[in-house]
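A note on names: the letters A, B, ... follow the listed sequences, proteins ahead of strands, and every chain is numbered from 1.
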Number of protein chains: 2
Amino acid sequence: MCDPEKVPHHNARPVCILGLGLIGGSLLRVLADAGQPAYGYNRSPQTVNEATAAGYDASSDLAAVLQRAAGDDALVVLATPVPALPAMVAAVAEHAPGTVLTDVVSVKEEVSRIVAAGHPGARYVGGHPMAGTAESGWAATDPGLFTGAMWMVATDDGTDPQDWLDVARLARLAGAMVVPAAIDAHDRAVAAISHNPHLTAAVTATVGAGESALALRLAAGSFRDGTRVAGTAPDLQRAMLEGNAMALLNTLSETIDRLVAARDALRDRGSVEVIVADGHRARERYEAIAQAAPQPIDDVQIGASGWEAELRRQGHLGRVWLG
Amino acid sequence: MCDPEKVPHHNARPVCILGLGLIGGSLLRVLADAGQPAYGYNRSPQTVNEATAAGYDASSDLAAVLQRAAGDDALVVLATPVPALPAMVAAVAEHAPGTVLTDVVSVKEEVSRIVAAGHPGARYVGGHPMAGTAESGWAATDPGLFTGAMWMVATDDGTDPQDWLDVARLARLAGAMVVPAAIDAHDRAVAAISHNPHLTAAVTATVGAGESALALRLAAGSFRDGTRVAGTAPDLQRAMLEGNAMALLNTLSETIDRLVAARDALRDRGSVEVIVADGHRARERYEAIAQAAPQPIDDVQIGASGWEAELRRQGHLGRVWLG
């Protein structure tokens, strides 16, 4: 899956990571472990102490970190929760306005709006690694978190090819495969395969637990796995889901429509044939895609005329960019 | 969790298992491996050959197996899919009418109706081990399948105490813990924690896969775990869910009502606060119950006046009978 010939060697450009939680901290670790110059900021001195004690280059002085990033022309990575982003973007605009900027936060239209509002001239190329757990904090960081994961890199028309390559190579250095997409297509996709599953997990948990202690005592694999993400911290779930409200409304409405049709069929004909068959077919499609090595995107020269559209076209077929 | 002092030694009564699929085959293996006299029937000679080659006592001659069960007063276990049950029950009524009968099939009101119709005088005490995988067939059998699992034993008023003990001790011999319940309460509970999760998994898979190949490419843990049971064979899912239609209609209607309320809140106020908070609380309740060692039922003499109601009362609190 990972042809060493194709993994880029270190970027000349250092990487400056703002936020050292699960994603940002894991990114700092995998980059530094690979010899890539990388350093990070976190507002909590405790996290900075933990990172420093583990041998990583971290500071809680945001202005100093960004002045350093401006000085060595670093690639700056926004890795805080959404509520902290406006302050981060304002600090980048003040201290390191010319640096290339990316992020590892979920919903791309929301982050793009925050960047556009706080730093209108930013050289911003959004990103989203599809990795994470219900854990959080430095103790949960893992340099292997991105190994084999998908990492969406925003590929809208007008993206600067060199900036795009910097961000895509960052994802590759972390061990991930690059999925190019337009930000609106990305947000619709994550509504369907991540945010909507949070809502169905939540309601499945609520209905099950509302029945009786007997029911929870009898709960086995289908309940355990089907409700797992309902255990994610509520504020993290809310920030993610509410930031993608428009796309999520569409998938939630489709979910409701399909469940209503299933209820009518069960009530009127005693049958769950359609919902079960549709779900089984969908799960088989997912397994086929998840279990096969992804096809690589080929024949696209980054920067050639129409490169963004061609990358997006191949990304929409499920292909990945491996550099 | 499993006090060896409390696990009963072999039943004097042999165990005769009708159907050697995942559940029945695993049961035959764990019993025989523990030295308990046990034998089984399967209609497929291939399964019988596999079981026999592995050293187990199996036959594809139903009449002969049941005549043997009648001769040695075995405990007979119905372990076929629901569609095969009427024929099994008729054969028991013909060849081994006086034996104690139990089952390991999901929905208890349905099985009780089938038993009452085909063998009105049966000494029947229903059962339901909460164990299984998406796999099936002899190759998937596992003598450890029931270790630490919950095994519901029907405990309605008027149950014969000695027959109940035979079935409960079977569950204990298999390594499970006994959850006593009335059959209607059991069926409502499994609608809430097993059958409804199959429907929400199915619709979550369908909505996700319907979005795009890009979406399935980006799918990670929340989609993988949340849709896993949608991959179960559709005919098995239909038999289970449609056999519990009334209870499932209630949980499905509640699921729809809660999702509609969530959609309205998201559309009108941009908030998923309630659904996420409810789901998180429910998941925490489940984890607290699943992770703690269950409290044992105590102070109930099986057969004493009101023993069934007292077992059910404690079972409703999430306690288990350990013998």
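- Contacts with chain B were tallied for Gly226(A), Pro234(A), Ala181(A); Pro234(A) has the most, counting heavy-atom pairs under 4.5 Å.
- To the nearest 0.5 Å, atom CD of residue Glu287(A) and atom CG of residue Leu216(B) are 11.0 Å apart.
- Note: Gly270(B) leads Gly270(B), Ala191(B), Ala277(B), Ala185(B) in heavy-atom pairs under 4.5 Å with chain A.
- Of the listed residues Met152(B), Arg188(B), Arg267(B), the one with more heavy-atom pairs under 4.5 angstrom with chain A than any other is Arg188(B).
- To the nearest 0.5 Å, the span separating OG1 on Thr200(A) from CZ on Arg258(B) amounts to 14.5 Å.
- Only the side chain of Val179(A) comes within less than 4.5 Å of a heavy atom in chain B; its backbone stays farther off.
- With chain A as the partner, the residue from Ala201(B), Ala202(B), Ala215(B) showing the most heavy-atom pairs under 4.5 Å is Ala215(B).
- Across all their heavy atoms, His316(A) and Ser212(B) have their closest contact at CE1-CB, 3.7 Å.
- By the 4.5 Å heavy-atom criterion applied to side chains, Val276(A) and His198(B) are not counted as neighbours.
- Heavy-atom distances place both the backbone and the side chain of Val207(B) under 4.5 Å from chain A.
- To the nearest 0.5 Å, atom CD of residue Gln237(B) and atom OG of residue Ser222(A) are 10.0 Å apart.
- Residues Thr206(B) and Arg281(A) have side chains not in contact (no heavy-atom distance under 4.5 Å, counting atoms from C-beta outward).
- Per-residue heavy-atom pair counts under 4.5 Å with chain B were compared for Ser271(A), Ala245(A), Gly210(A), and the maximum is reached by Ser271(A).
- Expressed to the nearest 0.5 Å, how far CD1 of Ile275(A) lies from CG of Leu252(B) amounts to 7.0 Å.
- In this structure, chain B has heavy atoms under 4.5 Å from both the backbone and the side chain of Leu249(A).
- Heavy-atom pairs under 4.5 Å with chain A peak, among Leu199(B), Val190(B), Asn196(B), Thr251(B), at Leu199(B).
- Within the structure, the salt bridge (charged side-chain N to carboxylate O under 4.0 Å, His left out) test picks out the following pairs touching residues 237-253 of chain B (sequence neighbours left out): Glu273(A)-Arg238(B), Arg238(B)-Glu242(B).
- Between the CZ atom in Arg224(B) and the CG atom in Asp225(A) there is a gap of 9.0 Å [rounded to 0.5 Å].
- When atom types are taken as modelled, the side chain of Arg285(A) and the backbone of Ala209(B) share a donor-acceptor pair closer than 3.5 angstrom.
- Taking all atoms of both residues into account, the shortest heavy-atom contact from Gly318(B) to Ala213(A) is N-CB, 4.2 Å.
- Closest non-hydrogen pair, Ala205(A) versus Gly279(B), comes out as CB-O, 3.9 Å.
- For His128(B), no part lies near chain A; criterion is any non-hydrogen pair under 4.5 Å.
- Inter-residue side-chain proximity for Glu211(A) and Ile193(B) is flagged as unmet; no heavy-atom pair is nearer than 4.5 Å.
- Proximity to chain A (any heavy atom under 4.5 Å) is shown, for Ala149(B), by neither the backbone nor the side chain.
- Taking OG1 from Thr204(A) and OH from Tyr286(B), the interatomic distance works out to 13.0 Å, rounded to the nearest 0.5 Å.
- Contact count versus chain B (heavy atoms, under 4.5 Å) is highest, among Leu248(A), Val272(A), Leu317(A), Val229(A), for Val272(A).
- Interface remark: Met150(A) contributes side-chain atoms only to the contact with chain B (heavy atom separation under 4.5 Å).
- With a threshold of 4.5 angstrom between heavy atoms, Ala219(B) approaches chain A through its backbone and through its side chain.
- Chain B forms the most heavy-atom pairs under 4.5 Å with one residue out of Ala262(A), Ala192(A), Gly221(A), and that residue is Ala192(A).
- Checked against side-chain contact (heavy atoms from CB on, under 4.5 Å), Glu284(B) has the following partners two or more places apart in sequence or in another chain: His280(B).
- Counting only heavy atoms from C-beta outward, the side chains of Arg319(B) and Arg217(A) never approach each other to under 4.5 Å.
- Considering only heavy-atom pairs separated by less than 4.5 Å from chain A, the leading option among Asp278(B), Leu241(B), Asn250(B), Ile256(B) is Ile256(B).
- Contact annotation for Leu218(B): both backbone and side-chain heavy atoms come within less than 4.5 Å of a heavy atom of chain A.
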